[in-house]
Amino acid sequence: MKKRYEPGEIELKWQAAWAGNGKNIFSAGISHEKPKFYCLEMFPYPSGKIHMGHVRNYAIGDVIARYKRMRGYNVLHPMGWDAFGLPAENAAIKEGIHPAHWTHENIAYMKKQLIRLGLSYDWSREVATCLPEYYKWNQWFFIRMYEKGLAYRKASFVNWCPSCSTVLANEQVIDGKCWRCDSAVIQKELEQWFLRITAYQQELLDASDGLAGWPQKVVLMQKNWIGRSDGLEAVFRVEGTGDSITIFTTRADTLFGARFICLAPGHPLAEKFAEPGALAGIREHYGKVDEKHGLFTGRYATNPVNDEKIPIYVANFVLMEYGTGAIMSVPAHDQRDFEFAQKYGLPVKVVVTPEAGGLVPSDRAFEEDGILVESGPFTGLKSAQAREDISAFVEGRGMGRKVVNYRLRDWGISRQRYWGTPIPMIYCERCGIVPVPEKDLPVVLPEDVKFTGKGASPLAESEGFLNTTCPSCGGNARRETDTMDTFVDSSWYYVRYCSRKDEPALDKGNIGHFMPVDQYVGGVEHAVLHLLYSRFFMRVIRDLGLSGVSEPFQRLLTQGMVCMETIRCPEHGWLYPSEAEGGVCARCGRAVERGRTEKMSKSKRNVVDPDHLIKTYGADTARLFSLFAAPPENDLQWSEKGVEGAQRFIQRVWAFVYDNMEGLASVKGQPPEGVSPLLRKTHQTIMRVTRDIEREYHFNTAIAAMMELMNTLAAAEHGGREEQEGLRQVRFALEKLLLMLSPFCPHVAEELWEAIGMPSSIQLEPWPEYDEEAAREEEVELVVQINGKVRAKIMVPQGLSDEELKGRAMELTRIQEAVSGRQLANVFAVKGRLVNIVVK
RNA sequence: GCCGGAGUGGCGGAAUUGGUAGACGCAAGGGACUUAAAAUCCCUCGGGGGCAACCCCGCACGGGUUCGAAUCCCGUCUCCGGCACCA
C-alpha cells in the first residue's frame, strides 16, 4: 500500500478486476435463490460526452444497485443508448459524417466514461436503439398495434417545428416552443400515424393513485395531463336547416345562461354556414393565444333546456380537438365567453349568484359555483345539484347525455426525418395500406442517402428504399418514408434489458423474472413524456400476452439538476471559470459579474467536464461529492471546494489505514469482546446509514454519518493503541466503515479492503448488521426545561422511569432556584430525555 | 389565471409520529508544525448583552393551537416547477 492516495491508479486496477477478462462480476442472470431487484437509470442520448447530470444520475443508481447486491438481491443493473435522434442527423448535414458513424463513435467514448466512473453495469444487456436488431421490435410493436387498431393514420393539424423540419407530439411542445431547439412551433395539416394512447386513458388515470413509490408531483402532473373532466353533451337544433350542434360543457348548471353558440373554425357546420373568405380570416387566428375573433353565421340554434333561440358564431378560441368542437357560451360565468361577448356586443345573463350573498361582478365573469337564479324549475338549487338535475333533464328529453372528456390526445409518432425507426408500412395503389410482413422485418434504414438538410426527408428521396412491391398483391408499391418518434424506442427498452444481447428480444420467461423495474432513477423532465408513454407501452405489452405487469416502474426517483454559478464579462458574455481567474476576464481584464446559480449548460458556460473532474480527483471523489452535497431529489450546487472536501474525507480514511497498518494486521480475524464508545458509535453508524439509504435514499446524511464515524475513529486511534482489545475495536469499526463506503466509493473501499488483508472482493461481502443493544448509550443527556425553555442539561443513566427523571430534574439547584416562590403547575417527561417543568 | 412544492447560519444542508435548532461538509478567523509555502493537526464560528456563571433574540412575515411549534392550523409575502383559451 502506498502512503499517497492515487485514485487514478487504483480505480483503473479495480475496474479491470471487475470486468475480469470478459466475465463481468456485475452480470445478472435468472436466480432462484435470491430475490430479484431491477435497478434502472434513464439511458442517455449519445451526444458525444457525458455531462454532470449523467454523473449524478448514474452515481445514485449505482449506489442503490451495489447496496441491494450487498443486501442479498440478484440485481439487474443494465445500461444502453437512446441512439436515434436529430443531433446525429444534424451532424451529418453539417459535417458530412453518417449518423450511424457519428452515433457509434459517441457511444464508444461515452461507454468508456461510464466504465471509468466505476458504475456496476451488466454490459451483456447493452442496447443501442439505432441497431436494426433493436428497432426491428419497434416495427414489430407497431404492426401488432396496427392489427389491434391501436395504430392508425389520419390527417390533422399538427405541431410543426420549422427548424427541425418535423412534427412534434403535444408533450414535446413546451410554452409553444420545440422541446429540443426552442423554435416557435406552428400548426400544419399533415397525414400521420398515431398510437391510440387514449384507449388506456382511464386505466392510466385510475392506476396513477397506485403509484405509491413515485413522487406525488409526477403523479399529479400525469393526472393533469390526462385531464379527465365530467360533463354533459347537449344538442342544439339549428333553425331551419335540420342540422344540430352538439356541445360539451362541464357547467350544465349554467345552461339557462347560454347566450350564443361558438363553433371551432374546423367544425363541419362552420364550413357549411360561414362564407369561406370570412372563415379563413378566423382560421388565421386559430390556436393562438391572442385576441378573440368571431364571425356570426346568420343562423340560430335552440337551447334544449328552454327552447330559447340563440345566435351561432364561429370563434378562433374554440378547439376542434377537444370535446365536440362546439361550445355554448355563457358570458356571465365564463371569462372567455365574457370577453367574446364584450367585443361583439352580445348580452350577458346571470344565472348563478354567490352562495354567501352579494352581487355578481359586472366587469368579469363569475366562474364559481353558487345558487341558481332565473333557471326555470332549477332556480334556487346549488350548482352541484343543478348540474346533476339539469343533465338528467336534458337526457330525459333525449337531447343529450352525460360524457367524460379527456385532455389527452393520441400520440402522433410520424417524424419526417431519416435517423429513426422506419414505420413498417407499404402503400399499394390496389390494396391500400399494407403492413410489412413479420418475416420481412426489420425494414432497415438505407445507407446510401444524402443529407442536405433541405426538402423532404432523405428517405423520401431514396429510390431504393421508397420503391417496393406490395406484400399482398405483388404489384408496385411504395414505402412509408416517415420514421418513428424516438420516444417509441425508450418506451420499452427496460423490457429488452430483461434478456441478454444474445438472447431473444421479448422472452416471456426473462420478462416475467425481472419486470417490473424496482427502482427507476432519472430526471423530472420526463414526467409526462417518457414516463407516460412507457406506462402505455407496458399495458400494450401486457395485452399482447408478454407480461403480467401493468406498471413498468415500481419506484421512481427524480433527481434534481446539477447547477453552478454563472460568470459574465460585460463585454465578452458568459465565461468559463478558467477564463475568469482572479475575478477578471482573461481576454479584456474587466471585472466579471457573478450571476445566479443555474442549471449547468454549455451556452452559459457554467459546466464542469467529467473527464477533467475524474482526472483531477478520481471517480470515487466525483461520486461522493455528487451524493453528499444534497439529497438526490434537490438541485445540486456544484462547488470545487466541496469536491475537495469530499476528497479530504477519502484521504483521511486512506491515511488512517496506512498509519495503522501494523496494528490492524496484528488483530486480523479477532472480533472485539468488550464495549466502548467506538463500538457503540460503529453500531449507531450502521443503523443510521442503513436507515438513511432505506428511507428515501438520503445519501447525504448517510455519508455524514460515515464522516462522523471516521472522526471518532481518528480520535480513538491515539488512546490505548498498545492494547490488543483496543486494536480489535479499531479494526472492527474500520471494516464496517469500508463496507458501508463501498457502494459510494467502490474503488477505494476495495483497495483498502485488500490492504487490510481481506482475501476476496468487498463487492461480494454482505451489508453489515448492527446490534441495537450495542448501539445503545449507557448515559443520555437529560434536557430540563422550565416553561419550554432549556434551563439545564445533565447526564443520567439510560432507562430511568419518567418519575425518576422528574425527580432528577427537580433536585437540581438551578431548577430549585428557578422554581422557588412560584406555583408548580405540571411536569412532563418525554422519551427519557427531556423534562419540562411548568410553573406559574 | 389554475394546480403543486419550497422558504432554516456567510454557503450546501441536518433536525419532521410536535420535545436540546444548526449534525456533516464548505467558507472564514485564530493557533501548532515548517526557513517558507502547501499539506496536516488543534481551537472558534447564528445575532446581541455580560468579567463571569449566564441572559435575551432567532427556522420568510403576522396571528393561533399547545406545557412545548422549524414541524400542526389560518392569513400574507417571495421563489421554484407544471398546465395554460381543454369549455
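All values below come from the heavy atoms of this structure, side chains included, with hydrogens, waters and symmetry mates left out. Chain letters run A, B, ... following the sequence lines, proteins first and then strands; every chain starts at 1.
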### Task
Identify, with sequence neighbours excluded, every residue that meets ring-ring contact (aromatic ring centres under 6.0 Å, His included) alongside Tyr406(A).
none
### Task
Give Asp635(A) one of three labels, base, sugar-phosphate or nothing, depending on what nucleic acid heavy atoms sit under 4.0 Å from its own.
sugar-phosphate
#### Entry: Pairing partner (Watson-Crick or G-U wobble, both distances under 3.5 angstrom) of A27(B)
none
### Query
Met221(A) has a side chain; which of G13(B), G82(B), A87(B) sits nearest to it?
G82(B)
### Complementary nucleotide of G1(B), counting Watson-Crick and G-U pairs under 3.5 Å
C83(B)
### Query
Between Phe625(A) and Trp638(A), how do the two ring planes meet: parallel, tilted or perpendicular, split at 30° and 60°?
perpendicular
### Query
Base, sugar-phosphate, or nothing for Gln785(A), non-hydrogen atoms under 4.0 angstrom?
base
### Proximal nucleotide (of C57(B), U20(B), A23(B)) relative to the Ala704(A) side chain
A23(B)
### RNA chain B contacts among residues 684-703 of chain A, heavy-atom distance under 4.0 Å
Arg695(A), Asn700(A), Thr701(A)
### Query
In residues 247-264 of chain A, which residues come under 4.0 Å of RNA chain B by heavy atom?
Phe248(A), Thr249(A), Thr250(A)
### Message
Just N and O in the side chain of Asn711(A): are any of them under 4.0 Å from OP1 or OP2 of G25(B)?
### Response
yes
### Query
Reckon Arg791(A) has a side-chain N or O less than 4.0 Å from the OP1 or OP2 of C55(B)?
yes
### Query
What is the pairing partner of U40(B), taking Watson-Crick or G-U wobble pairs with both distances under 3.5 Å in any strand?
A32(B)
#### Entry: Syn or anti for G9(B) (syn when the glycosidic angle lies within 90° of 0)
syn
#### Entry: G7(B) - base-pair partner by Watson-Crick or wobble geometry, distances under 3.5 Å
C77(B)
## Note on the structure
Sorted by position of nearest nucleotide on RNA chain B, 5' first, the leading residue of Asp337(A) and Arg648(A) is Arg648(A)
### Query
Think Arg407(A) has a side-chain N or O under 4.0 angstrom from the OP1 or OP2 of A84(B)?
yes
N/O-N/O pairs, protein side and nucleotides 9-11 of chain B side, under 3.5 Å:
none

### Query
Going by heavy atoms closer than 4.0 Å, what residues in residues 826-836 of chain A are next to RNA chain B?
Phe828(A), Val830(A), Lys831(A), Arg833(A), Leu834(A), Asn836(A)
### Message
Categorize Tyr406(A) for me: base, sugar-phosphate, or nothing, with a 4.0 angstrom heavy-atom threshold over every strand shown.
### Response
nothing
## Note on the structure
For His267(A), the ring-ring contact (aromatic ring centres under 6.0 Å, His included) test, sequence neighbours excluded, returns none
### Message
Regarding Arg4(A), tell me which of base, sugar-phosphate or nothing describes its non-hydrogen contacts under 4.0 Å with the strands shown.
### Response
nothing
### Query
If pairing requires Watson-Crick or G-U wobble contacts with both distances under 3.5 Å, which nucleotide is the partner of G18(B)?
none
